Every structure is written in C-alpha cells, then in structure tokens.
Amino acid sequence: MRVDSRPIKTKKSIKQALLVLLKEKDISSITISELANCANVSRKTFYLHYKDISQILEDIKTDLQNLFDDSVMKDKRVGFRVRTLNFINNIVQRVNEEEDYYALMASSDYAKIIFNPIEDRLKEEFLYALDTETNLKQDVKECLIDFMIGGIVNSVLKWANNPDGISPAEQSRILFEIINNNVACYLNSNFNGY
C-alpha cells in the first residue's frame, strides 16, 4: 500500500511558513490567515493539521527532538569521543538533507526557545559519557559540555545558513577535530579512552 506524503509536505510547508514569518514579526502578531497564505494552503487545511500557532512550534521542537534521537549513540558502552563524532556526523548530515528548513529555524528570533530542549538533552548525553570516563568535578564537566554544545550547535546552524562549499563530511571533520583537540587537551590524563 502506498503512503500518502501530502500531509507531511503540507505540515512542512506550514512550519516553514511560520519560520519565514517569524523573521519578519513577533509570533503574537501572526494570524492564521497570514500563515496559511504564506504556506499556500487554505485556513481549512491549516486547521486539519494544527489547532493554533503554538502547536506548530511544538511540532518544530519535535522535529529537533527526532533529529537528536536519531543522532545519538544508542549503545551506552561507546565512549565519549565516538559518541561525539557520531553525533556530529549524524546531525550535520541531517541538517544538510533539509538545509532550508534548519537554516530558517536557525535564523528565527525563536531559535533559542526552539533549540533549548535539544541542548538540554545533548548535555545529559555528554554528561553521561564524561561520567563514565573521567573523575572531573560536576561544575567542570558542565562548563566543558556547555562549551562543546555551544560550539557544535552554533557551527552547524551557521553552516546550514551558508555552507560555502564545505561538504558535510568536511564540516563534521572540522567540528570533531576542534572539539576533540580542545577536550583532550583539557582532560589530558583524565581520559580513559574511547
């Protein structure tokens, strides 16, 4: 049986339209009619998929959550470096596949609100990995992880806005080398391996 992809495309169109409008105005001044018009759908079609604008933001956050869930290592035995490299490779590849969508998301005034939950989950993931491999104090680990997450997320989003011929593989390699070299330098003898 063939799956109808129209609802998926319609929802994506509505989400992208919201992100476009958020670049121009505050969310409180965006109307459903304006949003539907920007998405090239009718109001009736809009209401088939969403009850209001806040539900679209939740859907966008869910997209990011799915991106995160698909990008982390499920095997908890894998070490910090492999975990980091896998996450970077996967997230860069996925962002590359839907470049326009993530570029809009990154350039939105609501980017911080949208990305906060994924940054929190990523922090948990990296804390777990560091807990198993180092004996660093909690505040040191958190500072180190905040540095990493800020670097990864901001670099990937900036790259999504303007890839300038840098391939996903090259973007991943550069990010991993920067993170790995800085973290390894800091941790030095505290690292127990991969």
Side-chain angles (χ1 to χ4, degrees), residues 8 11-24 27 56-76 78-130 133 141-187 191 194:
I8 295 167
K11 287 180 88 169
K12 186 172 182 180
S13 177
I14 293 169
K15 289 184 281 189
Q16 286 179 314
L18 177 61
L19 292 169
V20 166
L21 291 171
L22 284 173
K23 290 174 79 169
E24 301 167 6
I27 196 166
I56 303 167
L57 279 177
E58 288 306 312
D59 208 14
I60 291 170
K61 287 180 187 179
T62 299
D63 290 346
L64 274 174
Q65 191 62 56
N66 292 338
L67 172 66
F68 173 82
D69 290 342
D70 293 346
S71 298
V72 296
M73 295 292 290
K74 305 300 184 224
D75 185 354
K76 294 293 187 183
V78 176
F80 181 75
R81 288 184 176 130
V82 171
R83 201 172 213 63
T84 304
L85 178 60
N86 183 68
F87 177 77
I88 291 171
N89 283 336
N90 288 339
I91 206 151
V92 166
Q93 189 61 44
R94 283 283 300 280
V95 167
N96 183 60
E97 289 167 5
E98 296 185 70
E99 186 178 301
D100 293 341
Y101 181 55
Y102 289 105
L104 279 172
M105 213 182 284
S107 64
S108 164
D109 287 343
Y110 288 81
K112 194 66 182 155
I113 294 167
I114 294 168
F115 284 93
N116 268 346
I118 194 172
E119 289 177 3
D120 292 344
R121 290 280 309 279
L122 186 55
K123 188 171 186 171
E124 289 172 23
E125 186 70 21
F126 283 144
L127 274 172
Y128 172 82
L130 277 178
E133 297 183 34
K141 283 187 285 196
E142 287 186 20
C143 183
L144 188 60
I145 289 169
D146 287 340
F147 166 79
M148 288 176 47
I149 292 170
I152 292 169
V153 171
N154 289 325
S155 294
V156 169
L157 295 177
K158 197 167 196 172
W159 171 74
N161 273 319
N162 190 14
D164 276 340
I166 298 176
S167 71
E170 183 67 4
Q171 177 69 14
S172 294
R173 185 193 63 75
I174 291 167
L175 271 175
F176 179 71
E177 283 182 10
I178 291 168
I179 296 294
N180 187 49
N181 291 340
N182 281 291
V183 171
C185 183
Y186 180 79
L187 295 176
F191 234 62
Y194 293 86

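None of the values given here were measured: they were computed from a predicted structure.
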If you look only at pairs with a residue in residues 171-184, which of them pass as a salt bridge (Lys or Arg N to Asp or Glu O under 4.0 Å), with sequence neighbours excluded?
-> Glu170-Arg173, Arg173-Glu177
Qualifying residues under side-chain contact (heavy atoms from CB on, under 4.5 Å), relative to Leu21, sequence neighbours excluded = Glu24, Ile30, Glu34, Leu35, Cys38
Applying side-chain contact (heavy atoms from CB on, under 4.5 Å), name anything that partners Ser172, two or more places apart in sequence or on another chain.
-> Ile88, Asn89, Val92
Distance col, row Lys12:NZ vs Ile14:CD1, nearest 0.5 angstrom, shows 13.5 Å
Looking at residues at least two apart in the chain, or sitting in another chain, which of them share a salt bridge (Lys or Arg N to Asp or Glu O under 4.0 Å) with Glu124?
-> none
Under 3.5 Å, sequence neighbours excluded: what are the donor-acceptor pairs made by side chains of residues 145-157?
residue: Asp146; atom: OD1; partner: Lys123; partner atom: NZ; Å: 3.2
residue: Asn154; atom: ND2; partner: Gly150; partner atom: O; Å: 3.0
residue: Ser155; atom: OG; partner: Gly151; partner atom: O; Å: 2.8

side-chain contact (heavy atoms from CB on, under 4.5 Å) with Phe87: which of Asn90, Leu85, Ile91?
-> Ile91
Test log, rule side-chain contact (heavy atoms from CB on, under 4.5 Å), inputs Trp159 and Leu175 | CA-CA 11 Å; Trp159 171 74; Leu175 271 175; over 6 Å; no
Residues two or more places apart in sequence or in another chain: which of them pass side chain to side chain donor-acceptor pair (under 3.5 Å) with Gln171?
-> none
Quick one: side chain to side chain donor-acceptor pair (under 3.5 Å) partners of Gln93, sequence neighbours excluded?
-> none
For residues 56-63, run the donor-acceptor check on the side chains, cut-off 3.5 Å, and write out each pair with its distance to 0.1 Å, sequence neighbours left out.
residue: Asp59; atom: OD2; partner: Tyr50; partner atom: OH; Å: 2.4
residue: Thr62; atom: OG1; partner: Glu58; partner atom: O; Å: 2.9
residue: Asp63; atom: OD1; partner: Lys15; partner atom: NZ; Å: 3.3
residue: Asp63; atom: OD2; partner: Lys15; partner atom: NZ; Å: 2.6
residue: Asp63; atom: OD2; partner: Tyr101; partner atom: OH; Å: 2.4

